[in-house]
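This report concerns only the one structure given below.
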Amino acid sequence: MTDHATIGHVHLRVSDLERAIAFYRDILGFEVTQQYGNQAAFLSAGGYHHHIGLNTWDSLGATPPPSGHTGLYHSAFLYPDRASLAAVLKRVVDAGIPLDGAADHGVSEAIYLRDPDENGVEIYRDRPQADWPRDAAGKLVMSNARLDVAALLEEAP
């Protein structure tokens, strides 16, 4: 097999966004790269777009696990380039595994699915940093646009 994956980021459901940001930023030393009000934030080490995602979409004010409360939202696996992502996507599709979604985030192209235990999984590839969208002040501007999955599949080796 010529393609390989690495771990890219962890995205967590949390009950209190500001408390979680304070822990990851102030205690662990990550930098907030983007925040969406009181619903979501992205944190990074070393200038990457994000290593940790935090959200309250399903968990605002919730108690710790069981399912449906705070905990792992999904694990993410970073592939080195678009061809490698296309190859793994083809294997997913060929195995009959349904997709939960797909998105072009500006900085990356991502496909979402579930593992056999229904854990959320993201497979993705990053664009070169020079191509990441930025505002006039140079701050990162991520998006959630439609990813053309069929076009990506056509690039599978």
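This one's a predicted model, so the numbers in the text were calculated from it and none came from an experiment. Count residues from 1 along the sequence.
- Here the shortest heavy-atom pairing between Gly106 and Ser143 reads N-OG, 3.5 Å.
- Counting heavy atoms from C-beta outward, Leu12 and Tyr24 have side chains that approach closer than 4.5 Å.
- A continuous path of ILVMFWY side-chain contacts below 4.5 Å connects Trp132 to Phe42, so both sit in one hydrophobic cluster.
- Contact annotation: the side chain of Leu28 approaches that of Phe23 to within less than 4.5 Å [non-hydrogen atoms, C-beta and beyond].
- You'll find the side chain of Arg25 reaches within 4.5 Å of the side chain of Leu43, heavy atoms only.
- Closest approach of Leu17 and Thr56 over heavy atoms only: N-CG2, 3.8 Å.
- Once rounded to the nearest 0.5 Å, the distance linking OG of Ser44 with CD1 of Ile52 reads 9.0 Å.
- For residues 78-102, there are no ring-ring contact (aromatic ring centres under 6.0 Å, His included) pairs, not counting sequence neighbours.
- Taking 4.5 Å as the limit, every side-chain heavy atom of Gln34 sits out of range of all side-chain heavy atoms of Lys139.
- Nearest approach of Ala41 to Ile21, heavy atoms of both residues: CB-CD1, 3.7 Å.
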Before giving the answer on ring-ring contact (aromatic ring centres under 6.0 Å, His included), spell out for His9 and His51 the whole-Å C-alpha distance, their side-chain angles and the decisive distance to 0.1 Å. CA-CA 4 Å; His9 67 267; His51 291 104; 8.7 Å; no

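- For His11 and Trp57, the distance between ring centers is under 6.0 angstrom.
- Put simply, Val149 and Val121 are part of the same group of oily side chains (I, L, V, M, F, W, Y) that touch within less than 4.5 Å, one to the next.
- The shortest distance between side-chain heavy atoms of Leu89 and Leu99 falls below 4.5 Å.
- In this structure, the ring of His74 has its center less than 6.0 angstrom from the ring center of Tyr112.
- Cluster membership for Ile123 and Leu153, using ILVMFWY side-chain heavy atoms within less than 4.5 angstrom, is shared.
- For the pair His49/Thr33, no side-chain contact is recorded, criterion being any heavy-atom separation below 4.5 Å from C-beta on.
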Start with the C-alpha distance between Arg134 and Leu140, add both sets of side-chain angles, then the distance that settles side-chain contact (heavy atoms from CB on, under 4.5 Å), and finish with yes or no. CA-CA 5 Å; Arg134 297 189 180 274; Leu140 193 61; 4.1 Å; yes

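- Using a 4.5 Å heavy-atom cutoff, the side chains of Asp126 and Tyr48 are in contact.
- Side-chain polar atoms of Tyr36 and Asn55 form no donor-acceptor pair below 3.5 angstrom.
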Could you please spell out the steps behind the side-chain contact (heavy atoms from CB on, under 4.5 Å) verdict for Arg127 and His105? CA-CA 10 Å; Arg127 289 191 168 88; His105 295 302; over 6 Å; no

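- Looking only at side-chain heavy atoms (C-beta outward), Glu122 and Ser75 stay at 4.5 Å or farther from each other.
- A pairwise comparison of heavy atoms in Tyr124 and Ser108 identifies CD1-CB, 4.0 Å as the closest pair.
- Between atom CG of residue Leu54 and atom CD of residue Gln39 there is a gap of 13.5 Å, rounded to the nearest 0.5 Å.
- Counting heavy-atom neighbours within 6.0 Å of Phe30 CZ, excluding the residue itself, gives a total above 12.
- Nearest approach of Leu113 to Pro98, heavy atoms of both residues: CB-O, 3.7 Å.
- What you find for Phe77 and Ala5 is that their closest heavy atoms are CB-CB, 4.1 Å.
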Passes side-chain contact (heavy atoms from CB on, under 4.5 Å), Ile111 versus Val92? Steps please. CA-CA 10 Å; Ile111 297 135; Val92 166; over 6 Å; no

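- The residues Arg146 and Asp104 are annotated as not salt-bridged, no charged nitrogen and carboxylate oxygen being separated by less than 4.0 angstrom.
- Rounded to the nearest 0.5 Å, atoms NE2 (His4) and CG (Leu78) are 8.0 Å apart.
- Ion pairing between Asp94 and Lys90 holds under the 4.0 Å rule for side-chain N and carboxylate O.
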